[in-house]
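One structure is given here, and the rest of the page talks about it.
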Amino acid sequence: MNAATGSICFCNTLTRRKEKFVPIESGKVGLYTCGPTVYDYAHIGNFRAFLFEDLLKRWLEYRGYKVTHVMNLTDVDDKTIRGSQKQQVPLEEYTAHYTKAFFEDIKTLNIELADYYPKATGHIPEMVKLVKQLIQNGYAYKGQDGSIYYAISKFSNYGKLSHIKVDELKAGARVKTDEYTKEEAQDFALWKAWTPEDGDVFWETELGKGRPGWHIECSAMSMKYLGETFDIHCGGIDNMFPHHENEIAQSEAATSKKFVNYWLHNEHLLVEGRKMAKKLGNFYTLRDLLGKGYDPIAIRYLLLSSHYRAQFNFTFEALDAAGAAVGRLRNFARRLEGADGNGSGGKVAELLRGVQRSFGEAMDDDLNVSVALAALFDFVREVNGLLDADVVSGSEADEVDAVMKRFDGVLGVVGEVAEEEALSKEAEELIAKREAARKAKDWATADALRTRLSELGVVVEDTAQGVRWRLVKKT
RNA sequence: GCUGGGGUGGCCGAAUGGUUCAGGCGGUAGCCUGCAGAGCUGCUCUAUAUGGGUUCAAUUCCCAUCCCCAGCUCCA
């Protein structure tokens with residue numbers, strides 16, 4: 001709708017500034033997001049990244065852009081190889097299990113599917129081609145161990161994303177013992193020569209027997225699906241260096257073109273104020289939380305409701321609060337259905353204009369979702385007031401509902417009011433009996449029936465427009 | 001160690017050089033309801049880590065201190 005105005009701004013890691021978003025091709029966006037390494041179940045920190053990217057994509061779509069979204073699946077690296085060997089299953093079988101789990105999880109969290117999910121193992125030829133190009137351009141060399149390395153000293157722009165100066169990288173920070181075959185300690189592997197530890201995981205290629213380095217897959221696959229220069233690349237802040245820095249070095253050295261126009265990085269999640277770590281006992285996968293009985297949509301709301309560039313402190317108290325906030329939005333959606341007033345005299349229309357403007361301006365400003373949600377809740381409160389006064393007409397309620405659905409197309413937390421969920425015959429009869437009792441002012445019977453229904457997971461609410469019911473999860 | 005981000009009420013989280021520091025959650029009182037639920041309204045007592053400085057005015061800018069987090073080669 002507002003795509004033509006180009007009013008969206010993002011904080012671009014490349015410049016460390018907020019910039020107006022201008023796509024390469026009007027009305028279209030090429031988006032690449034670093035996906036999971038399928039060696040284990042993804043944890044809630046991973047999902048914060050995927051949810052941020054989902055919000056970004058949905059917002060671009062809200063503003064009328066046609067987004068082509070690519071997310072890679074890293075299915076060959078040290079961790080996947082080690083994992084498969086430990087379980088003594090073929091690599092493909094091992095990664096297939098966690099890939100399947102990943103897709104189940106993103107469905108659970110109501111994350112929209114990307115257009116492409118390229119796997120590293122499915123793009124070996126593309127990677128080989130890219131490495132050959134880098135050798136030809138003089139940016140890569142073969143080490144004594146037979147691996148192909150990227151010579152970062154040849155790429156003058158190295159460090160432009162992370163603002164790291166290569167010669168300041170502390171050698172003392174972390175030095176791997178097996179790196180003596182490289183010309184410089186900071187050089188990274190494009191192609192790793194086979195070693196016995198790799199077992200049967202290798203490809204015979206023009207680069208020799210071995211497997212790809214980690215960074216090359218994202219360069220090869222993003223350019224394959226989105227072109228040599230594309231609009232937006234996202235990932236967690238930890239990927240900024242070295243991964244994304246290396247992607248730039250590989251891609252730009254191969255093509256002599258700018259790789260990506262906008263780099264967006266999300267900050268990490270803390271859990272109860274601490275870094276999430278297995279040894280601290282605060283490490284949670286999505287499945288852990290579902291196992292504790294939490295609503296995945298509450299998890300979605302919580303991880304989405306604060307700004308992506310700020311560290312976010314995950315607590316169970318906040319998760320409960322998120323569930324309640326979602327409940328408020330759902331109650332509102334349900335309430336609209338019963339509206340049958342005579343019209344608000346233009347008040348609803350005015351509120352609708354206001355909330356669309358405020359919500360939109362907030363989201364356009366580097367996805368300031370907290371401010372957008374504040375605008376949304378202000379709106380909900382005001383319309384609830386009008387509903388209390390019974391002045392909202394059916395057609396006004398429909399308009400409100402339509403706008404709420406558009407917002408929810410971005411937030412993805414309300415969903416359809418579940419009317420299809422049929423009441424059991426027993427519950428239906430109990431409701432009818434209760435109505436009869438209420439009519440007869442037999443409150444004792446009516447309350448007993450309400451308690452009985454509640455035990456069946458049916459909450460009944462009496463309203464001016466008649467009885468309303470909803471199903472709740474039995475706990 | 002070097003580099004960068006951050007510390008806001010009972011909890012989570014916005015925003016800003018200046019009339020009362022969003023919003024959600026929780027608590028509480030009132031309205032509504034047969035009661036409840038949902039909803040609305042009020043309240044939640046000194047909420048901006050600490051100590052200085054600049055300023056007519058700082059939570060916001062500057063300095064110092066404390067604490068948390070991240071990056072420093074394959075962790076979102």
Side-chain angles (χ1 to χ4, degrees), chain A residues 16 33-37 42-53 74 77-79 152 162-165 168-176 179 182 185-189 192 213-215 234-243 245-246 265-270 273-277 301-302 305-307 309-329 331-332 334-335 362 368-378 380-389 438 441-444 446-447 450-451 454 459-464 468 470:
Chain A
R16 306 287 159 108
T33 60
C34 280
T37 301
H43 57 69
I44 54 175
N46 298 122
F47 286 116
R48 186 193 191 190
F50 302 144
L51 283 165
F52 146 62
E53 290 152 2
T74 300
D77 77 324
D78 291 348
K79 286 179 301 214
I152 61 169
S162 54
H163 295 211
I164 280 176
K165 294 191 184 78
E168 285 179 7
L169 284 178
K170 277 273 183 288
R174 268 198 257 171
V175 178
K176 282 168 80 177
E179 290 184 349
K182 297 188 280 182
Q186 295 87 356
D187 289 351
F188 58 91
K192 304 181 104 162
W214 175 42
H215 313 292
C234 300
I237 188 79
D238 55 312
N239 277 160
M240 184 174 78
F241 187 87
H243 184 50
E245 196 68 65
N246 291 350
H265 291 98
N266 64 279
E267 256 295 351
H268 277 191
L269 195 67
L270 306 180
R274 308 283 310 176
K275 175 181 169 179
M276 184 165 67
Y301 180 91
L302 180 63
S305 62
S306 71
H307 192 88
R309 277 190 295 109
Q311 286 178 346
F312 176 74
N313 184 20
F314 178 94
T315 63
F316 286 97
E317 201 177 351
L319 183 52
D320 289 334
V326 171
R328 183 168 163 81
L329 294 176
N331 281 332
F332 180 65
R334 201 177 303 114
R335 236 193 132 181
N368 193 339
V369 68
S370 302
V371 171
L373 286 171
L376 178 59
F377 280 105
D378 280 338
V380 167
R381 190 183 59 250
E382 304 223 39
V383 176
N384 266 326
L386 296 174
L387 286 164
D388 279 351
R438 289 186 66 227
K441 296 196 192 299
D442 179 0
W443 308 125
D447 291 352
R450 182 167 62 198
T451 305
S454 163
V459 173
V460 289
E461 298 172 357
D462 305 319
T463 75
R468 195 161 64 198
R470 63 192 157 100

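Note on naming: letters A, B, ... go to the chains in the order of the sequence lines (proteins, then strands), and numbering restarts at 1 for each one. Because the structure is predicted, anything quoted here is derived from the model rather than measured.
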Euclidean distance, atom [atom1] of residue [X] to atom [atom2] of [N] [Å, nearest integer]:
X: A:D388; N: B:U33; atom1: CG; atom2: C1'; answer: 12 Å
X: A:L386; N: B:A38; atom1: CG; atom2: P; answer: 20 Å
X: A:R334; N: B:G37; atom1: CZ; atom2: C1'; answer: 11 Å
X: A:F241; N: B:C2; atom1: CZ; atom2: C1'; answer: 14 Å
X: A:D378; N: B:A15; atom1: CG; atom2: P; answer: 15 Å
X: A:N266; N: B:C75; atom1: CG; atom2: P; answer: 16 Å
X: A:F188; N: B:C74; atom1: CZ; atom2: C1'; answer: 11 Å
X: A:N239; N: B:C72; atom1: CG; atom2: P; answer: 10 Å

Donor-acceptor pair (no angle test) under 3.5 Å: A:R450 side chain, B:C35 base:
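Result: at least one qualifying N/O pair found.
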Looking at the base of B:G34, is there any donor atom on it, or on the side chain of A:D447, that sits under 3.5 Å from an acceptor on the other one?
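Donor-acceptor pair under 3.5 Å: yes.
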When rounded to the nearest Å, what value does the distance between [atom1] atoms of [N] and [M] take?
N: B:C62; M: B:G17; atom1: C1'; answer: 13 Å
N: B:C75; M: B:G13; atom1: P; answer: 27 Å
N: B:U50; M: B:A58; atom1: C1'; answer: 16 Å
N: B:C11; M: B:G26; atom1: C1'; answer: 7 Å
N: B:A57; M: B:C25; atom1: P; answer: 39 Å
N: B:U48; M: B:A22; atom1: P; answer: 14 Å
N: B:G6; M: B:G42; atom1: P; answer: 34 Å
N: B:U41; M: B:A76; atom1: C1'; answer: 43 Å

May I ask you to say what [X] touches in the nucleic acid, namely base, sugar-phosphate or nothing, with a heavy-atom cut-off under 4.0 Å?
X: A:L269; answer: base
X: A:H243; answer: nothing
X: A:F332; answer: nothing
X: A:R16; answer: nothing

Taking the minimum atom-to-atom distance to the side chain of [X], which one of [options] wins?
X: A:D238; options: B:A76, B:G37, B:G23; answer: B:A76
X: A:S370; options: B:G39, B:C74, B:A22; answer: B:A22
X: A:D462; options: B:A14, B:A36, B:G24; answer: B:A36
X: A:T463; options: B:G37, B:C40, B:G13; answer: B:G37
X: A:D77; options: B:A38, B:C40, B:C75; answer: B:C75
X: A:N384; options: B:C40, B:G23, B:A38; answer: B:C40
X: A:R335; options: B:A76, B:C68, B:G39; answer: B:G39
X: A:Q311; options: B:A22, B:C75, B:G5; answer: B:G5
X: A:N368; options: B:C12, B:A15, B:A38; answer: B:A15
X: A:N331; options: B:C75, B:C74, B:G39; answer: B:G39

Derivation of the side chain to side chain contact (heavy atoms under 4.5 Å, CB included) call for A:N331 and A:R334:
CA-CA 5 Å; A:N331 281 332; A:R334 201 177 303 114; 2.7 Å; yes
With stacking defined as ring centroids separated by under 5.5 Å and planes differing by under 30°, is A:W443 stacked against B:G34?
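Given the distance and angle limits, yes, they stack.
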Ring centres within less than 5.5 Å and planes less than 30° apart: is that true of A:H43 and B:A76 in this structure?
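The base of B:A76 is not stacked with A:H43 (the test needs centres under 5.5 Å and planes under 30°).
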Nearest-nucleotide comparison on RNA chain B, the residue closer to the 5′ end among A:G45 and A:H307
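Its nearest nucleotide being more 5', the pick is A:H307.
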Assuming nearest nucleotide by heavy-atom distance, tell me which of A:H215 and A:S305 is located more 5' along RNA chain B.
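Checking each residue's closest nucleotide, the 5'-ward one belongs to A:S305.
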Report yes if at least one side-chain N or O of A:R438 is closer than 4.0 Å to OP1 or OP2 of B:G34; otherwise report no.
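Looking at the OP1 and OP2 atoms of B:G34, neither is under 4.0 Å from any side-chain N or O of A:R438.
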Any A:E461 side-chain heavy atom under 4.5 Å of A:R470 side chain:
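Yes, side chains in contact.
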Are any non-hydrogen side-chain atoms of A:E245 and A:I152 less than 4.5 angstrom apart?
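The answer is no; the side chains never approach within 4.5 Å.
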Now, which nucleotide makes the Watson-Crick or G-U wobble pair with B:G42, with each of the two distances under 3.5 Å?
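Its partner is B:U28 (Watson-Crick or G-U wobble, both distances under 3.5 Å).
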Would you confirm whether A:R48, through its side chain, and A:G236, through its main-chain N or O, come within 3.5 Å as a donor-acceptor pair?
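Answer holds: no.
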